[in-house]
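Single-structure report; data block below.
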Protein chains: 2
Amino acid sequence: MRDRPATEARILEAAQAILIAAGPGGFGVNAVAREAGVDKQLIYRYYGGLDGLLEALGVRLAQWWQEKLMAGLPQTPVENYGELIELLALQLLHIVRSEPLALQSLLWELTGSESFVKSLSASRARAYGAWMAGVRGGLEPPEDVDAPAINALLIAAISQIALAGRQADTIIGLPTNDPATWDRLEKSLLRLVRGVYARP
Amino acid sequence: MRDRPATEARILEAAQAILIAAGPGGFGVNAVAREAGVDKQLIYRYYGGLDGLLEALGVRLAQWWQEKLMAGLPQTPVENYGELIELLALQLLHIVRSEPLALQSLLWELTGSESFVKSLSASRARAYGAWMAGVRGGLEPPEDVDAPAINALLIAAISQIALAGRQADTIIGLPTNDPATWDRLEKSLLRLVRGVYARP
DNA sequence: CACCATTGTCACCGATTGGTGATATCAATA
DNA sequence: TATTGATATCACCAATCGGTGACAATGGTG
């Protein structure tokens with residue numbers, strides 16, 4: 001060993017692993033050190049304590065979100081603003097359904113009061129914006145639609161649905177384990193999008 | 001004192017107070033006992049420990065949700081299914097915006113793995129159903145709309161928006177503290193509802 | 001080779017957690 | 001009044017938490 005950069009990386013990886021496995025609640029200096037096979041003293045030396053480690057983990061998560069979102073950029077140009085939002089919604093739904101880290105990250109934004117949590121929320125919001133900017137040509141939402149508010153509601157719905165399906169075995173009344181449930185939710189999600197961003 | 005029923009009630013009240021003030025994370029035997037001004041031993045005697053107390057708190061929360069929802073039953077008969085959902089959405093938005101207990105309860109459903117959490121989710125779902133049953137006359141949703149899925153998404157959106165606005169000072173990009181933000185969200189929420197449950 | 005800063009290890013601290021056993025105190029009954 | 005059973009209190013336990021100081025091993029530099 002005796003390789004500080006490598007050790008720092010190991011610690012950060014372990015932190016992410018702990019977050020995925022145990023969530024924000026199970027996160028702590030001892031758990032991370034144990035997972036990384038490293039003395040916790042090094043966490044204090046290299047990251048200045050728990051806060052510093054969280055800060056570093058925060059920027060890592062922000063990058064992660066950016067990458068995951070950008071991975072779903074449509075290849076073919078879209079025709080109107082509504083279709084854009086449809087794609088974003090589907091991409092986000094796919095991420096939160098397939099990536100445990102996404103859910104734990106969202107959960108952290110809801111439960112944590114640390115400062116890095118706020119910057120994480122802001123970074124994720126920026127990632128959405130970057131996605132939009134990267135795709136929309138000159139596409140504009142209909143004038144009579146409050147696009148930011150509508151989109152926020154849609155993103156919120158997707159996030160909450162995924163979070164709720166994590167622990168409970170029923171969402172409002174729909175069975176969580178049934179794949180048909182998620183088909184219905186996806187179709188209904190698109191239906192909501194099309195309802196506001198009227199399609200030709 | 002020396003009044004078991006009163007002591008039990010005090011403990012349960014304290015438990016709810018702790019939940020409101022500190023959330024699921026700060027919940028514990030010691031905190032509740034301290035808040036109630038009671039030795040924690042009594043929690044073990046009367047509720048059989050932390051699990052039993054949670055169980056009792058769960059049924060209390062379920063009743064609470066039922067009451068809060070039912071308090072918003074419309075007086076005048078509604079004309080169609082869409083208007084019904086509009087009212088439910090507005091009522092729910094009002095609850096989660098004005099009642100801290102609602103948010104902490106929702107948060108618990110997302111974070112807790114205890115068994116009572118699942119029954120709480122189920123109870124809340126039943127409360128929605130009871131609300132609907134109490135209001136809809138012979139009203140039916142449009143045939144081509146998957147009402148349960150749509151409604152689940154709408155409820156999810158409302159829950160998540162309120163939860164996100166609790167800690168972060170910006171929801172996706174909308175400033176949390178600005179009252180105008182919530183006006184926009186409410187209007188856009190109704191817009192989503194009307195988009196699917198097409199109005200005359 | 002000797003020095004010294006960096007890297008890693010170990011042992012400990014006070015505080016808090018969920019949980020338990022023994023004991024004091026009271027109210028009603030015999 | 002003496003006994004008894006329920007109610008309340010206190011002291012303690014092992015485990016874990018975040019955090020710190022002292023010490024051992026290492027590798028490059030003079």
Side-chain angles (χ1 to χ4, degrees), chain A residues 1-58 60 104 107-108 111-117 120, chain B residues 1-58 60 104 107-108 111-117 120:
Chain A
M1 317 246 170
R2 211 160 188 72
D3 182 348
R4 170 161 179 170
T7 305
E8 288 183 359
R10 282 241 312 271
I11 292 175
L12 209 51
E13 294 254 352
Q16 180 172 308
I18 288 288
L19 177 59
I20 294 178
F27 196 91
V29 183
N30 297 294
V32 171
R34 212 177 301 130
E35 168 78 19
V38 153
D39 194 282
K40 63 177 173 179
Q41 172 73 20
L42 300 184
I43 295 181
Y44 289 91
R45 252 212 272 288
Y46 297 155
Y47 291 97
L50 193 53
D51 294 352
L53 178 59
L54 292 180
E55 210 86 30
L57 183 57
R60 190 185 165 95
Q104 301 288 19
L107 206 49
W108 210 336
T111 58
S113 58
E114 303 89 347
S115 69
F116 87 99
V117 162
L120 176 54
Chain B
M1 322 249 167
R2 213 162 186 74
D3 182 346
R4 171 160 181 172
T7 305
E8 288 183 359
R10 281 241 312 270
I11 292 176
L12 208 51
E13 293 256 351
Q16 182 172 307
I18 288 287
L19 178 59
I20 294 178
F27 196 90
V29 183
N30 298 293
V32 171
R34 211 176 302 131
E35 168 78 20
V38 153
D39 195 283
K40 63 178 172 179
Q41 172 74 18
L42 300 184
I43 296 180
Y44 289 92
R45 249 210 275 289
Y46 296 155
Y47 292 96
L50 194 53
D51 294 352
L53 178 58
L54 292 180
E55 210 86 30
L57 183 56
R60 191 185 164 95
Q104 301 289 19
L107 207 50
W108 210 336
T111 58
S113 58
E114 303 90 346
S115 70
F116 87 98
V117 163
L120 176 55

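Only this structure's heavy atoms are used, side chains among them; waters, hydrogens and symmetry mates stay out. So you know, we letter chains A, B, ... as the sequences are listed, proteins then strands, and number each from 1.
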**Selection from dG19(C), dC17(D), dT9(C) that lies nearest to any side-chain heavy atom of Val29(B)** = dG19(C)

**Request:** Report yes if some heavy atom in the side chain of Gln104(B) is under 4.5 Å from a heavy atom in the side chain of Gln16(B); otherwise report no.
**Result:** no

**Request:** Nearest whole angstrom, please: distance from the C1' of dC13(C) to the OH of Tyr44(A).
**Result:** 12 Å

**Prompt:** Rounded to the nearest Å, what distance is computed from the CG atom of residue Leu42(A) to the P atom of nucleotide dC10(C)?
**Reply:** 11 Å

**Request:** Let me know the distance between OH of Tyr47(B) and P of dG19(C), rounded to the nearest Å.
**Result:** 16 Å

**Request:** Find the distance Arg4(B):CZ to dG5(D):P and express it as a whole number of Å.
**Result:** 16 Å

**Request:** In whole angstrom, give the distance that lies between atom CZ of Arg10(B) and atom P of dA8(D).
**Result:** 9 Å

**Item:** Base dT26(D) to side chain Arg2(A), donor-acceptor N/O within 3.5 Å cut-off
**Value:** yes

**Close side-chain approach of Leu57(B) to Phe116(B), heavy-atom, < 4.5 Å** = no

**Complete:** Distance col, row Leu53(B):CG vs Lys40(B):NZ, nearest 0.5 angstrom, shows 13.5 Å

**Request:** Using the closest heavy atom to pick a nucleotide of DNA chain D for each, name whichever of Gly49(A) or Gln41(B) lands nearer the 5' end.
**Result:** Gln41(B)

**Request:** Return the value, rounded to whole Å, for the distance between atom CZ of Arg34(A) and atom C1' of dG18(D).
**Result:** 13 Å

**Fill in**
Side-chain contact check for Lys40(A): nearest option of dT9(D), dT20(D), dT17(C) is dT20(D)

**Prompt:** Checking only heavy atoms, does the side chain of Arg45(B) share a donor-acceptor pair with the base of dA8(D) at less than 3.5 Å?
**Reply:** yes

**Prompt:** Rounding to a whole Å, what distance do you find between Phe27(B):CZ and dT16(C):P?
**Reply:** 19 Å

**Item:** Whole-Å gap separating C1' (dT20(D)) and CD1 (Ile43(A))
**Value:** 14 Å

**Message:** Nearest 0.5 Å, please: how far is CD in Glu35(A) from CD1 in Ile18(A)?
**Reply:** 4.5 Å

**Item:** OP1 or OP2 of dT7(C) under 4.0 Å from side-chain N/O of Thr7(A)
**Value:** no

**Basic-acidic side-chain contact under 4.0 Å: Arg45(B), Glu8(B)** = no

**Selected nucleotide, minimal atom distance to Leu50(B) side chain, candidates dG19(C), dT7(D), dT26(D)** = dG19(C)

